[in-house]
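The block underneath contains the structure these notes are about, expressed in C-alpha cells.
Every value quoted in this text rests on a predicted model; they were computed, and no experiment measured them.
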Amino acid sequence: MQVSRPFRTAIVPAAGMGTRFLPTTKTVPKELLPVVDTPGIEMVAAEAADAGASRLLIVTAPGKDAVVAHFEPQPELESTLAARGKEALAAKVRRAAELIEVATVTQDEPKGLGHAVGCAGDALAADEEAVAVLLPDDLVLPSGVLTRMAEVRARHGGSVLCAFDVPREQISAYGVFDVEDTADPDVKRVKDMVEKPPADKAPSTYATAGRYLLDREIFDALKRITPGAGGELQLTDAVALLIAEGHPVHVVVHRGGRHDLGNPAGYARAFVDFALAHPDYGPALHNWLAERLTWTGSGVRGA
C-alpha cells in the first residue's frame, strides 16, 4: 500500500539531563554524542525525513541550545573545508541542515515523556491529524518501521506503535502491550498497556520501542492523565486511556534490531556496531577487537 505523507511533524523529546553520561553531559547534550561520526539525533532526523516528515519538532530544555544548533547551517566551516578540497567532509557538515526543517518547544521542567510530548501539541497545524514521536535514545534498525506503521494506520486508523518481542526476563524494563492477533502476524491490536510490569505479571513480551505514530487525540488524553510510574506523566498512560475509550491502537512488531543510546553500555555497543560496518574503520577495528578479546589481562591496555 502506498501512503503519501501520513504525517508532517516528527516530535523528538530531547529535554533530559543525560545523568547516566555525567560528567560529559555537563557541557555536551547526550543527543549529540557521536555514533562513530554522526550524532544520534541526526540519525533519528534522517529516519523521520525518510518516512515523509517535513518538520522535526525538538522538545528541549533551557540551556540545551547546542542540540538545535547542530541543525543550523555552518557556512564558514563549509567554505573552509571546500577551499581545502575536503568536499566530502563539507557535505557531511551540510547534511543536518538540509535534512528537514527544525523547530523547538521548551519543556521547562522534567515531568516525564507524556509531558514532553504534550508540550508540542500547540505547535502543530490545525490540519495535522497525526504526529510521529521518535525517542532519540532508540536506534531502530533497519530504518523504515515508520513507513510500515503509516501503512497500518491507513488500514486501521487510530494510533500505531512499534514493538519488539523481548525475552520475558527482560520485560520489566519496558512499557508492555496486552494484544490480540490480526490477520497479519506482525500487526497486533492493543487492548491495554502497562508500564514496567513485573515479569510474571506482564501481559505479553511485546515491548515499546521508541517509535509512535499517534492520532492527534493523544494531546487531549495527555491533559487528562495523572502522574504514573516514577511520579511522571507517562505517554503509555495516555495511550491506555484512548484504548479504554475505544480509540483503535495497533502495534507493528519489528523484527530487526535496536540500539539503546540512553546508557553507556548500550551506546558503546551501538558505536562498535556502526564502526564495524564503516568502510574506513571497520576492517582495522575488527582485527583489533579479535586481538583484544584474546587478551586476558585486567585493566585497560595502553594504546
Are [X] and [Y] joined in one hydrophobic group, where the rule is that I, L, V, M, F, W and Y side chains link up if heavy atoms are under 4.5 Å apart?
X: Val93; Y: Leu33; answer: no
X: Val194; Y: Val249; answer: no
X: Leu99; Y: Leu77; answer: no
X: Val67; Y: Met17; answer: no
X: Ile41; Y: Leu141; answer: yes

Side chain to side chain, [X] and [Y], heavy atoms closer than 4.5 Å:
X: Val117; Y: Leu222; answer: yes
X: Val251; Y: Val187; answer: no
X: Leu32; Y: His70; answer: yes
X: Ser159; Y: Val239; answer: no
X: Leu139; Y: Met43; answer: yes
X: Arg216; Y: Leu124; answer: yes
X: Ile58; Y: Lys64; answer: no
X: Asp192; Y: Pro203; answer: no

query = Mind checking what makes side-chain hydrogen bond (donor to acceptor under 3.5 Å, both in side chains) contact with Asp181, not counting sequence neighbours?
reply = Lys188

task = Check the pair Thr205 / Phe164 against side chain to side chain contact (heavy atoms under 4.5 Å, CB included), numbers first and verdict last.
result = CA-CA 8 Å; Thr205 55; Phe164 275 84; over 6 Å; no

Where do [X] and [Y] come nearest, in terms of heavy atoms and distance?
X: Ala221; Y: Ala238; answer: CB-O, 3.7 Å
X: Gly40; Y: Leu261; answer: CA-CD1, 4.0 Å
X: Ala207; Y: Ile171; answer: CB-CD1, 3.9 Å
X: Ala150; Y: Pro6; answer: CB-CG, 3.3 Å
X: Cys162; Y: His254; answer: SG-CB, 3.8 Å
X: Ala48; Y: Leu56; answer: CB-CD1, 4.3 Å

Say you draw a straight line from [atom1] of [X] to [atom2] of [Y]; how long is it, rounded to the nearest 0.5 Å?
X: Arg168; Y: Asp165; atom1: CZ; atom2: CG; answer: 10.0 Å
X: Ile225; Y: Leu233; atom1: CD1; atom2: CG; answer: 5.0 Å
X: Leu289; Y: Leu276; atom1: CG; atom2: CG; answer: 6.0 Å
X: Phe219; Y: Leu214; atom1: CZ; atom2: CG; answer: 7.5 Å
X: Leu161; Y: Arg153; atom1: CG; atom2: CZ; answer: 12.0 Å
X: His156; Y: Asp184; atom1: NE2; atom2: CG; answer: 7.5 Å

[X] side chain to [Y] main-chain N or O, any donor-acceptor pair under 3.5 Å?
X: Arg55; Y: Val102; value: no
X: Thr38; Y: Val35; value: no
X: Arg211; Y: Asp138; value: yes
X: Ser204; Y: Phe177; value: yes

ask   = What's the verdict on side chain to side chain contact (heavy atoms under 4.5 Å, CB included) for Val145 and Glu47, showing C-alpha distance, side-chain angles and the deciding distance?
value = CA-CA 9 Å; Val145 70; Glu47 179 184 349; 4.1 Å; yes

message = Between Lys196 and Ser172, does the side chain to side chain contact (heavy atoms under 4.5 Å, CB included) criterion hold? Intermediate values first, please.
response = CA-CA 5 Å; Lys196 299 181 179 179; Ser172 61; 5.7 Å; no

Should [X] and [Y] count as an ion pair when the cut-off is N to O under 4.0 Å?
X: Glu180; Y: Arg189; answer: yes
X: Asp137; Y: Arg258; answer: no
X: Glu245; Y: Arg224; answer: yes

request  = Please report the C-alpha distance between His250 and Thr182 in whole Å, then the side-chain angles of each, then the deciding distance to 0.1 Å, and finally whether the side-chain hydrogen bond (donor to acceptor under 3.5 Å, both in side chains) criterion is met.
outcome  = CA-CA 10 Å; His250 291 78; Thr182 70; over 6 Å; no

Around atom [atom1] of [X], are there more than 12 heavy atoms from other residues, nucleotides or ligands closer than 6.0 Å?
X: Asp280; atom1: CG; value: yes
X: Glu128; atom1: CD; value: yes
X: His278; atom1: NE2; value: yes
X: Arg84; atom1: CZ; value: no

key: Glu217 and His247: side chain donor to acceptor below 3.5 Å   = no

message = Using the rule given for side chain to side chain contact (heavy atoms under 4.5 Å, CB included), can you reason through Asp37 versus Lys92, listing the C-alpha separation, both sets of side-chain angles and the distance that settles it, and then say yes or no?
response = CA-CA 9 Å; Asp37 56 3; Lys92 283 187 175 183; 2.6 Å; yes

inquiry  = Phe21: which residues meet the ring pair (Phe, Tyr, Trp, His ring centres under 6.0 Å) condition with it, sequence neighbours left out?
reply    = Tyr267

